[in-house]
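Have a look at the structure below before the remarks.
Protein chains get the first letters and strands the later ones, always in sequence-line order, with residue 1 at the start of each.
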Amino acid sequence: MAKPYDFKTIEAKWQKRWEETEAFKVSEDPSRPKYYCLEMYPYPSGQIHMGHVRNYSIGDVVARYLRMRGYNVLHPMGWDAFGLPAENAAIEHGIHPAVWTEENIRYMRYQLKRMGFSYDWDREVDCSSADYYKWGQWFFLKMYEKGLAYRKASFVNWCDSCQTVLANEQVEAGLCWRCEGVVTQKELEQWFFKITDYAEELLQDLDHLPGWPERVKVMQRNWIGKSLGAEVYFPMANGRGEIPVFTTRQDTLFGATFMLLAPEHSLARGLSQGTAYEAVVAAFVERMKREDKILRTAIDTEKEGVFTGTYAINPMTRERIPVWLANFVLLEYGTGAVMAVPTHDQRDFEFAKKYGLPLRVVIQSAEADLSEETMERAYEGEGYLVNSGQFNGMPSEKAKEAIVDYLEREGLGKRAVQYRLRDWGISRQRYWGNPIPVIYCESCGAVPVPYEDLPVILPRDVEITGKGGSPLAAVPEFVNVPCPHCRQPARRETDTMDTFVDSSWYFLRFTSPHVEDTPINKRLANYWMPVDQYIGGIEHAILHLLYARFFTKVVRDLGLVNVDEPFTNLLTQGMVIKDGAKMSKSKGNVVDPEDILEKYGADTARLFSLFAAPPEKDLDWSDRGVEGAFRFLNRIYRLVSQHSVLLKRGRKGIPFTDLMVGKGLYRKTHQTIKRVTEDIEDEFHFNTAISALMELVNEVSQFSLDGDPASREEKVFVLDEALETILLLLSPFAPHLCEELWAELGHSESIFAKAWPCYSEEVIQEEKVLIVVQVDGKVRGRLVLPAASSEGEVQEAALSNERVKKFLQGREIAKVVMVPKRLVSIATRAGE
RNA sequence: GCGAGAGUGGCGGAACUGGCAGACGCGCUGGACUUAGGAUCCAGUCCGCCUUAGGCGGAUGGGGGUUCAAAUCCCCCCUCUCGCACCA
């Protein structure tokens with residue numbers, strides 16, 4: 001009896017072999033095209049999950065396939081090792097974050113190796129090691145020098161359960177992206193990266209990324225949120241200064257009947273001073289300050305405001321218009337003040353109705369037929385101008401231009417661009433992160449740590465309680481340092497950097513992970529960059545992918561790399577779900593890769609996660625499906641073992657044209673090469689590639705060596721071709737099994753040293769084709785004809801087919817459509 | 001509300017540029033081998049109707065349209081998923 005498929009022994013054997021032979025170690029090689037294949041590195045949470053298995057299996061197929069296609073493939077792996085869970089572990093289990101992280105990395109590295117992923121482990125990066133975070137600090141200092149890192153006091157998103165600040169991108173629907181805790185506003189001094197300096201380029205360059213999914217680009221565009229409009233100056237009625245506003249609807253300027261300021265606006269309280277409204281305004285401002293900002297500015301919160309007691313002048317109509325404060329006006333966007341046009345802006349409309357403020361229609365349209373008295377909501381569409389002086393009658397789109405021209409000419413305003421994107425707040429009041437390299441001195445202020453003093457080492461000996469601010473503040477040896485300038489006693493910054501800073505450049509470090517005098521070796525970075533294929537979850541559509549793009553542009557401007565964009569092609573893989581829901585502990589539907597590895601092995605785990613769905617779609621986990629994948633590998637194992645003795649003996653090639661009984665299998669083999677190759681090339685449709693392989697395996701199983709001894713030699717030849725081709729085509733998916741069987745067939749070299757197979761155009765051509773015959777749109781006959789048949793012959797055969805004739809009886813042929821090698825379609829009309 | 005994407009057997013999913021809808025896998029049914037089978041192999045498996053060989057009709061969320069021909073193109077509607085959400 002044949003020996004069983006002992007995946008444990010096989011997988012361990014080849015993993016050892018690959019490690020010993022350094023099979024996946026790469027260096028630059030000018031003789032081959034380079035390919036940088038990267039998957040998002042994991043947070044070392046303790047063990048890999050199915051999402052990792054899927055993500056990294058996809059990447060590994062790409063890497064192994066392209067190696068076989070002759071590319072010099074960089075395929076590295078590392079650890080997003082800073083972060084909050086390590087501190088939580090410290091609080092809960094009293095284990096030091098560094099130890100916890102180290103242990104997790106060790107175990108997860110072992111797990112990834114057991115999956116057989118073809119990483120160049122020599123390039124492994126751990127961003128919690130000083131070798132790495134030193135350079136994060138270095139980038140901070142460079143950015144500080146260029147004015148791209150700055151400190152300011154502002155209201156920031158505060159997650160109480162994480163006890164830290166969050167960037168805007170890290171707040172989802174008012175909740176913390178990590179723990180889903182409620183996020184509130186807190187005023188703090190924070191460090192920011194000036195990502196807004198790159199807003200326009202980040203937006204423009206999205207158009208140069210055809211290899212990115214449209215939806216990711218749309219999300220980034222929306223997030224950057226560019227608006228074209230005008231800044232308009234509204235003078236105060238009392239002659240004391242003016243209030244600038246930003247608007248995209250300068251065509252409605254004549255309809256601005258009041259103004260609204262954010263409650264936090266610097267003028268908010270001053271305006272009411274000395275008026276009867278002073279106390280009311282003060283109370284409103286105080287109340288707004290206490291109210292939760294996210295709730296206050298949520299769309300379903302009722303609009304609310306107070307009159308400041310002062311008036312501004314509408315620069316077009318010269319009317320006095322009241323200035324109010326309103327809860328829904330945001331200080332951070334535009335100028336923190338807006339002109340209110342209740343007739344053509346729904347928010348202003350609601351506000352005006354509530355407080356009895358005046359309305360004036362300035363855009364009219366035939367369909368809408370607006371009047372101040374009857375309108376029940378604002379008209380925000382296009383139209384032509386009315387009540388707008390010299391601009392009356394002008395289409396609104398044209399008026400936008402004409403009015404902004406007028407404003408500029410008269411000095412009343414100017415063209416302006418606004419972005420929704422805010423600067424990236426990077427301070428985190430946590431221990432397990434990269435220390436911000438700044439020292440605060442009484443006399444010199446904030447002083448950057450000199451380059452020669454880097455890295456600022458994260459001290460080991462700290463107490464982590466999860467309460468009362470940054471743990472680093474309680475470490476005197478860390479905090480108390482002399483000022484680098486004046487040598488007077490000073491204090492270190494005790495906040496650490498957002499971990500997204502680390503992941504914003506790790507792909508650059510992979511190109512030269514061991515260099516010591518610079519974060520990135522320029523020559524190596526330029527050789528490997530950009531990443532040709534990046535693979536990861538859609539959840540980073542904005543966060544990580546926007547930060548990494550920003551960082552790449554900064555690094556470029558520092559002269560360390562000459563690419564504008566880090567990732568040429570992006571694949572966002574779907575989630576792994578089970579029983580209709582995302583796997584989660586609370587739902588109890590988690591499948592542990594460990595169990596799959598134990599029961600079926602790595603090749604099965606990989607194969608199933610690639611077969612069950614195309615990579616970009618969600619994958620529905622099915623235990624039965626896994627067994628199916630396992631069965632398929634078993635079949636191949638049996639098939640090869642069964643014939644190996646015979647095939648090993650060596651065989652001579654037979655030209656295709658000389659084949660008799662083996663022609664069919666040989667052709668199918670070549671057709672499969674074509675299909676698998678194209679499915680991989682065409683957007684990584686691994687599921688259909690694998691099904692093509694299954695078809696070939698089915699055909700091989702049907703193929704019998706018995707029968708006429710004269711044709712035996714030929715049969716052995718085509719069988720051998722088929723089996724070797726199956727192994728080659730399957731090797732990126734199930735590398736261990738294919739290596740094993742490849743050796744079993746008598747090859748001494750690794751299967752991965754072998755080139756990807758080619759197919760012959762001549763061989764894949766079928767000799768006979770199936771022609772479908774339709775009569776009036778319905779299939780009425782099927783003809784098997786020589787592929788070389790002429791149109792006339794095909795038509796002749798179709799018309800003389802018995803069944804077709806039956807349906808043509810008593811009818812007249814109106815039209816015959818011929819599709820070569822596919823079908824004949826006959827349309828009829830009633831005959832006489 | 002705005003934006004993007006998706007609806008195909010019992011299930012996961014195929015289907016080139018409009019050209020046999022349901023590849024491949026799972027499940028299910030029957031059979032072979034067997035002490036046994038939850039191993040393996042073989043056959044069948046969209047639905048309905050006609051007694052059968054075989055045939056007829058219907059079917060890709062719903063309704064209309066273009067076409068010799070529509071899962072695919074156009075219009076209207078329904079459902080689901082994701083993203084953004086008072087950004088002036």
| query | With distance as the sole test, does A:Thr672 use its side chain to make a donor-acceptor pair with the main-chain N or O of A:Lys668 at under 3.5 Å? | reply | yes
| field | Side-chain ion pair, A:Arg296 and A:Glu291, N-O less than 4.0 Å | value | no
| message | Regarding A:Phe351, tell me which of base, sugar-phosphate or nothing describes its non-hydrogen contacts under 4.0 Å with the strands shown. | response | nothing
| field | Contacts of type side chain to side chain donor-acceptor pair (under 3.5 Å), residue A:Ser701, not counting sequence neighbours | value | A:Arg635
| request: Using the C1' atom as the reference point in each nucleotide, state the distance between B:C75 and B:C20 in Å, no decimals. | output: 29 Å
| field | B:G13 versus B:U60 - spacing of their C1' atoms, nearest Å | value | 13 Å
| request: For A:Ala612 and for A:Phe246, locate the closest nucleotide of RNA chain B by heavy-atom distance; then report the residue assigned to the nucleotide nearer the 5' terminus. | output: A:Ala612
| request: Sticking with atom C1', work out how far B:G9 lies from B:G48, rounded to a whole angstrom. | output: 15 Å
| task | Sorted by first residue and then second, give each side chain to side chain donor-acceptor pair (under 3.5 Å) pair with at least one member in residues 604-618 of chain A; sequence neighbours left out. | result | A:Asp60-A:Arg606
| task | Establish, for the pair A:Lys303 and A:Phe328, whether the NZ or CZ atom is under 6.0 angstrom from the six-membered ring centre and no further than 45 degrees off its axis. | result | yes
| message | Using a distance-only criterion (donor-acceptor N/O pair, under 3.5 Å, no hydrogens), is the base of B:A88 paired with the side chain of A:Arg249? | response | no
| said: For A:Lys353, is there an ion pair with A:Glu376 - N to carboxylate O distance below 4.0 angstrom? | reply: no
| Quick one: is A:Arg420 getting a side-chain N or O under 4.0 Å of the B:C86 phosphate, OP1 or OP2? | no
| message | Measuring only the C1' atom in each nucleotide, how far is B:G7 from B:U17? A whole number of Å is fine. | response | 24 Å
| field | A:Arg420 side, atom CZ; A:Asn222 side, atom CG - distance, nearest 0.5 Å | value | 7.5 Å
| query | If we take the P atom in both B:U45 and B:G54, what is their distance in whole Å? | reply | 12 Å
| query | By side chain to side chain donor-acceptor pair (under 3.5 Å), which residues pair with A:Thr572, not counting sequence neighbours? | reply | none
| said: Looking at A:Asp423, is its backbone amide N or carbonyl O close enough to the side chain of A:Thr196 to form a donor-acceptor pair, meaning the two atoms are under 3.5 Å apart? | reply: no
| Within the side chain of A:Arg780, is there an N or O that forms a donor-acceptor pair under 3.5 Å with the backbone of A:Asn801? | no
| request: With sequence neighbours left out, write down each residue that passes side-chain contact (heavy atoms from CB on, under 4.5 Å) with A:Arg360, or none if nothing qualifies. | output: A:Thr257, A:Thr317, A:Glu319, A:Val362, A:Glu372, A:Asn387
| task | Output yes when at least one side-chain N/O atom of A:Lys217 is less than 4.0 Å from OP1 or OP2 of B:A4, else no. | result | no
| note | Separation of B:C84 atom P from A:Leu546 atom CG, nearest Å, is 13 Å
| B:A6 versus B:C42 - spacing of their C1' atoms, nearest Å | 39 Å
| request: Please work out if A:Val329 contacts a base, only the sugar-phosphate, or nothing of the nucleic acid, heavy-atom cut-off 4.0 Å. | output: base
| said: Classify A:Lys778 by what it touches in the nucleic acid, base, sugar-phosphate, or nothing, heavy-atom distance under 4.0 Å. | reply: sugar-phosphate
| said: Can you see if the side chain of A:Arg422 gets near the phosphate of B:C87 - specifically, an N or O under 4.0 Å from OP1 or OP2? | reply: no
| field | Interface with RNA chain B, restricted to residues 694-702 of chain A and to heavy atoms under 4.0 Å | value | A:Met694, A:Glu695, A:Asn698, A:Gln702
| query | How does protein reach along nucleotides 14-22 of chain B, written 5' to 3' as B (base within reach of a heavy atom under 4.0 Å), S (only sugar-phosphate), or - (no contact)? | reply | S-B--BB--
| message | What I'd like to find out is whether the side chain of A:Phe349 reaches to under 4.5 Å of the side chain of A:Leu359, using heavy atoms alone. | response | yes
| If only atom types and distance count, is the side chain of A:Lys226 paired as donor or acceptor with the main-chain N or O of A:Leu203 below 3.5 Å? | no
| query | In whole Å, what is the span from the CD atom of A:Gln671 to the P atom of B:C24? | reply | 14 Å
| query | Who are the side chain to side chain donor-acceptor pair (under 3.5 Å) partners of A:Tyr637, not counting sequence neighbours? | reply | none
| Does the pair A:Glu598/A:Lys8 count as a salt bridge with the N-to-O cut at 4.0 Å? | yes
| So what does A:Ala298 hit on the nucleic acid, given a heavy-atom distance under 4.0 Å: a base, only sugar-phosphate, or nothing? | base
| said: Syn or anti for B:G9? Use the chi torsion, O4'-C1'-N9-C4 for purines and O4'-C1'-N1-C2 for pyrimidines, with syn inside 90° of 0. | reply: syn
| query | Within the structure, does a side-chain N or O atom of A:Arg347 lie under 4.0 Å from either OP1 or OP2 of B:G1? | reply | no
| query | Does A:Arg635 put a side-chain nitrogen or oxygen below 4.0 Å from OP1 or OP2 of B:C41? | reply | yes
| said: In whole Å, measure the gap between the P atoms of B:G31 and B:A36 for me. | reply: 15 Å
Please list each protein N or O that sits under 3.5 Å from an N or O in nucleotides 79-83 of chain B, with the distance.
none

| Between A:Glu539 and A:Lys582, does at least one N-O distance fall below 4.0 Å, as a salt bridge requires? | no
Pairs under 3.5 angstrom, nitrogen or oxygen only, protein versus nucleotides 59-61 of chain B, please.
none

| task | Sort by first number and list every stem of RNA chain B: at least 3 consecutive Watson-Crick or G-U wobble pairs, both distances under 3.5 Å. | result | B:1-7 with B:78-84, B:10-12 with B:24-26, B:27-32 with B:40-45, B:46-50 with B:54-58, B:61-65 with B:73-77
| request: Could you work out the separation of B:U81 and B:A21 based on their C1' atoms and round it to a whole Å? | output: 25 Å
| remark: Whole-Å distance, A:Phe611 CZ to B:G25 P, equals 7 Å
Could you pull out the protein-nucleic contacts involving nucleotides 26-33 of chain B (nitrogen or oxygen on both sides, under 3.5 Å)?
residue, atom, partner, partner atom, Å
B:C26, OP1, A:Arg631, NE, 3.1
B:C26, OP1, A:Arg631, NH2, 2.7
B:G27, OP2, A:Arg631, NH2, 3.2

| note | Exactly one of A:Arg287, A:Lys354, A:Arg347 clears salt bridge (charged side-chain N to carboxylate O under 4.0 Å, His left out) with A:Glu304, and that residue is A:Arg287
| task | Identify, between A:Asp776 and A:Tyr419, the residue whose nearest nucleotide on RNA chain B lies closer to the 5' end. | result | A:Asp776
| task | State whether A:Glu401 and A:Arg415 are salt-bridged, where the test is any N-O pair (Lys NZ or Arg NE/NH1/NH2 against Asp/Glu carboxylate O) under 4.0 Å. | result | yes
| Looking at the rings of A:Phe258 and A:Trp324, which for Trp means the six-membered one, are their centres under 6.0 Å apart? | no
| said: Using a 4.0 Å heavy-atom cut-off, does A:Arg780 contact any base of the nucleic acid, only the sugar-phosphate backbone, or nothing at all? | reply: sugar-phosphate
| said: Give me the atom names and distance for the closest heavy-atom approach of A:Val61 to A:Pro732. | reply: CG2-O, 3.5 Å
| field | N/O (side chain, A:Arg638) to phosphate O (OP1/OP2, B:C41) under 4.0 Å | value | yes
| Sequence neighbours excluded, which residues qualify as side chain to side chain donor-acceptor pair (under 3.5 Å) partners of A:His670? | none
